2 protein chains.
Amino acid sequence: MALTDEAIDKIKAMILDGELTPGSRLPKEEILAGQLGLSRNSLREAVRALTAMRILITRQGDGTYVSSLEPHLLLESLSFAADVSQGRTALQLLQVRRLLEPQATGLAAALLMPEDLQELRDILDRSRAATTVEEFVAHDIAFHLRIVEAVGNPVLSMLLRVLSTRTQRVRIVRGSRTRHALDNAHQDHEQILGALQSRDALLAVSAATVHITAVEQWLAASLSDDPLRAIDD
Amino acid sequence: MALTDEAIDKIKAMILDGELTPGSRLPKEEILAGQLGLSRNSLREAVRALTAMRILITRQGDGTYVSSLEPHLLLESLSFAADVSQGRTALQLLQVRRLLEPQATGLAAALLMPEDLQELRDILDRSRAATTVEEFVAHDIAFHLRIVEAVGNPVLSMLLRVLSTRTQRVRIVRGSRTRHALDNAHQDHEQILGALQSRDALLAVSAATVHITAVEQWLAASLSDDPLRAIDD
DNA sequence: CGTTCGACATACATCGGAGGAATGGCCGGA
DNA sequence: TCCGGCCATTCCTCCGATGTATGTCGAACG
């Protein structure tokens with residue numbers, strides 16, 4: 001393995017061992033390079049890799065620090081994975097979302113505050129007025145995110161956000177007969193909101209499952225309809 | 001933003017645009033650095049960050065290539081997040097697992113082949129004979145992983161694997177009254193296997209929920225029992 | 001004719017050094 | 001006390017050069 005990769009692992013190990021804790025400061029490049037037995041240049045590559053993963057934070061003129069290491073922060077760097085996934089892999093992501101998000105929605109049924117419900121109502125009203133796909137998707141994302149945030153678990157929120165990024169949703173919506181798909185989605189959203197308003201967790205789970213499964217099936221159908229896309233995947 | 005970070009985004013954008021596809025080869029460092037308008041050294045930092053995230057792959061003497069970009073591959077780099085999480089954040093991860101894994105287990109009920117069931121039986125038998133915590137945890141991981149893999153969704157498998165790494169499980173088990181906790185876990189596993197053998201998806205979901213929730217509660221209790229740990233988190 | 005081995009070109013890996021730029025703290029003046 | 005400029009520290013960027021692994025191509029051998 002390359003020296004730089006070893007350095008990455010060593011720094012990770014220092015964090016796992018508690019030698020470096022969230023917020024603590026690393027020795028300056030020159031010193032740390034000496035400690036780890038490599039050149040400053042190679043060390044910088046290791047540090048850069050860790051900053052890209054949100055494990056370290058560098059500030060020019062100040063120093064390099066260990067990040068808060070909050071899992072939802074580290075999750076963020078994953079959004080790229082969802083952005084590039086198409087075809088079969090997008091379907092895999094969507095299946096995970098189908099298994100996870102309805103449960104989160106069910107939990108939220110008991111946790112949403114009246115003002116949350118009102119805001120969900122507003123979001124749906126605005127989404128009905130959306131004229132472009134991008135606009136509708138923005139409301140769509142806001143709707144689901146708002147529900148999930150009621151659970152109060154940032155890891156859950158970030159994970160569901162990552163599982164279905166903006167570019168991915170737009171791609172899916174565009175792939176289906178847009179007008180029809182949008183109407184269906186809107187109706188599904190109404191169903192979910194209705195269940196949440198009546199605090200019916202079981203119904204909320206079911207409505208969310210129906211909704212996401214519908215999306216899943218549009219995607220699966222568009223894949224098998226379109227041999228090219230199915231193949232290049 | 002730093003030049004290197006811009007380069008990272010540019011390379012990502014080239015992939016998203018389809019300019020670079022999985023498996024395709026990048027221009028050599030010197031050339032690519034020129035194209036992106038920075039030095040070879042800074043470019044290397046960008047490439048190194050992307051290789052650490054499994055987006056690129058470099059081979060000395062050959063070249064740099066775009067990886068397969070399989071989401072489950074990109075997910076792997078997340079295991080560090082679970083490894084460092086303790087206390088409250090570990091609880092957040094475990095809650096996500098509680099919401100997700102039972103559903104996956106329910107799906108698996110219809111998909112597990114007879115030989116899979118037999119292997120699960122073997123795993124449980126071996127786990128009963130485990131003498132150390134590490135050994136038990138290894139069987140524990142194998143048991144859950146084996147079930148989830150029946151779904152045939154690599155993203156799901158990797159995500160559940162990441163949500164609860166070896167170091168994390170060991171930490172949790174050690175934090176509880178070990179002997180008692182192990183007995184309980186084993187009984188839970190038997191319940192889950194029984195449900196799977198009788199192809200009872202609903203019961204499998206419930207048994208898995210009970211099992212993971214029990215773990216969750218052990219962890220939550222050990223956190224509130226131990227003010228020190230609760231605070232330093 | 002097929003296989004093997006070695007030399008060569010290619011491209012990444014690592015290094016040392018140097019100047020630029022941003023940050024934070026110190027200090028003096030109002 | 002507050003404000004603004006000076007200055008040390010630290011990361012950022014670049015250059016040039018050498019080390020090392022990979023793949024290729026051709027010659028030698030069985």
Side-chain angles (χ1 to χ4, degrees), chain A residues 1-15 19-69 73-74 76-77, chain B residues 1-15 19-69 73-74 76-77:
Chain A
M1 190 169 45
L3 279 185
T4 301
D5 296 316
E6 284 180 32
I8 291 176
D9 288 343
K10 283 181 185 171
I11 295 175
K12 277 186 175 179
M14 289 167 72
I15 295 176
E19 192 174 341
L20 292 173
T21 57
S24 67
R25 177 186 177 148
L26 277 69
K28 69 173 181 176
E29 290 177 342
E30 187 186 342
I31 305 294
L32 187 56
Q35 289 179 5
L36 298 182
L38 38 66
S39 76
R40 204 177 72 88
N41 241 326
S42 298
L43 173 72
R44 275 187 59 78
E45 291 181 9
V47 169
R48 178 67 72 175
L50 292 170
T51 58
M53 289 187 283
R54 304 281 191 272
I55 293 173
L56 297 181
I57 297 174
T58 61
R59 289 207 319 236
Q60 185 178 172
D62 184 3
T64 302
Y65 301 83
V66 179
S67 82
S68 67
L69 297 179
L73 226 171
L74 276 53
E76 191 190 344
S77 64
Chain B
M1 190 170 45
L3 279 184
T4 301
D5 296 316
E6 284 180 32
I8 291 176
D9 288 343
K10 283 180 185 171
I11 295 174
K12 277 187 175 179
M14 288 166 72
I15 295 176
E19 191 174 339
L20 292 173
T21 57
S24 67
R25 177 184 176 151
L26 277 69
K28 70 172 180 176
E29 290 177 341
E30 187 186 342
I31 305 293
L32 187 56
Q35 288 179 7
L36 297 182
L38 39 67
S39 75
R40 188 171 153 261
N41 237 326
S42 297
L43 173 73
R44 274 187 59 79
E45 290 181 9
V47 169
R48 178 67 70 174
L50 292 171
T51 57
M53 290 187 283
R54 305 280 191 270
I55 293 173
L56 297 181
I57 296 173
T58 62
R59 291 209 319 232
Q60 186 178 166
D62 185 0
T64 303
Y65 301 84
V66 179
S67 82
S68 67
L69 297 178
L73 225 171
L74 276 51
E76 191 191 343
S77 64

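Letters A, B, ... are given to chains in the order of the sequence lines, protein chains preceding strands, and every chain is numbered from 1. As the structure is a prediction and not an experimental result, all values here were calculated from the model.
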* Asked: Are any of the side-chain heavy atoms of B/Glu45 and A/Arg44 separated by less than 4.5 Å?
  -> yes
* Structure fact -> Separation of C/dA21 atom P from B/Leu3 atom CG, nearest Å, is 12 Å
Atom pairs under 3.5 Å: protein N/O with N/O of nucleotides 3-5 of chain D:
none

* Asked: Does B/Glu30 CD have over 12 foreign heavy atoms under 6.0 Å away?
  -> no
* Asked: Mind checking whether A/Lys12 and A/Ile15 have side chains closer than 4.5 Å, heavy atoms only?
  -> no
* To do: Find the distance B/Tyr65:OH to C/dT10:C1' and express it as a whole number of Å.
  => 11 Å
* **Considering all heavy atoms, the nearest A/Ile57-A/Thr51 contact** => N-CG2, 4.2 Å
* Asked: For A/Leu73 and A/Arg54, which heavy atoms make the closest approach, and how far apart are they?
  -> CD2-CD, 3.7 Å
* Can you figure out which of C/dA11, C/dG16, C/dG24 approaches the side chain of A/Ser39 most closely? => C/dG16
* To do: With the side chain of A/Arg44 defined as its heavy atoms from C-beta on, choose the nearest nucleotide among D/dC14, D/dT10, D/dC11.
  => D/dC11
* To do: Grab the CD-P distance between A/Glu6 and C/dC15 for me, whole Å please.
  => 11 Å
* Sugar-phosphate only, base, or nothing, as touched by A/Asn41 at under 4.0 Å among non-hydrogen atoms -> base
* To do: Nearest-nucleotide wise, let me know which of B/Gly61 and B/Thr58 is further upstream toward the 5' end of DNA chain C.
  => B/Gly61
* Decide yes or no on side-chain contact (heavy atoms from CB on, under 4.5 Å) for A/Arg40 and A/Leu32, but give the supporting numbers first. => CA-CA 8 Å; A/Arg40 204 177 72 88; A/Leu32 187 56; over 6 Å; no
* Structure fact -> Nearest heavy-atom approach of B/Ser77 to B/Ala52 is CB-O, 4.2 Å
* Grab the CG-P distance between A/Leu43 and D/dT10 for me, whole Å please. => 14 Å
* **B/Arg59 side-chain N/O to B/Tyr65 backbone N/O, donor-acceptor pair under 3.5 Å** => no
* To do: Output the single nucleotide from C/dT23, C/dA13, D/dC11 whose closest atom is nearest the side chain of A/Thr64.
  => D/dC11
* Asked: Taking atom P of C/dC15 as reference, at what distance in whole Å does atom CG of A/Leu36 sit?
  -> 11 Å
* Would you call A/Thr21 and A/Val66 a side-chain contact if the rule is heavy atoms closer than 4.5 Å? -> no
* To do: Provide, to the nearest angstrom, the distance between the CZ atom belonging to A/Arg59 and the C1' atom belonging to D/dA8.
  => 17 Å
Between N or O atoms, less than 3.5 Å apart, protein on one side and nucleotides 18-20 of chain C on the other: list the pairs.
unit_1	atom_1	unit_2	atom_2	d
C/dA18	N6	A/Arg40	NH2	3.1
C/dG20	N2	A/Gln60	OE1	3.4

* Asked: Nearest of D/dC14, C/dG24, C/dT14 to any side-chain atom of A/Thr4?
  -> C/dT14
* Structure fact -> Taken to the nearest whole Å, CG/B/Asp62 to C1'/C/dC8 is 16 Å
* What's the CD-P distance between B/Glu29 and D/dC15, to the nearest Å? -> 14 Å
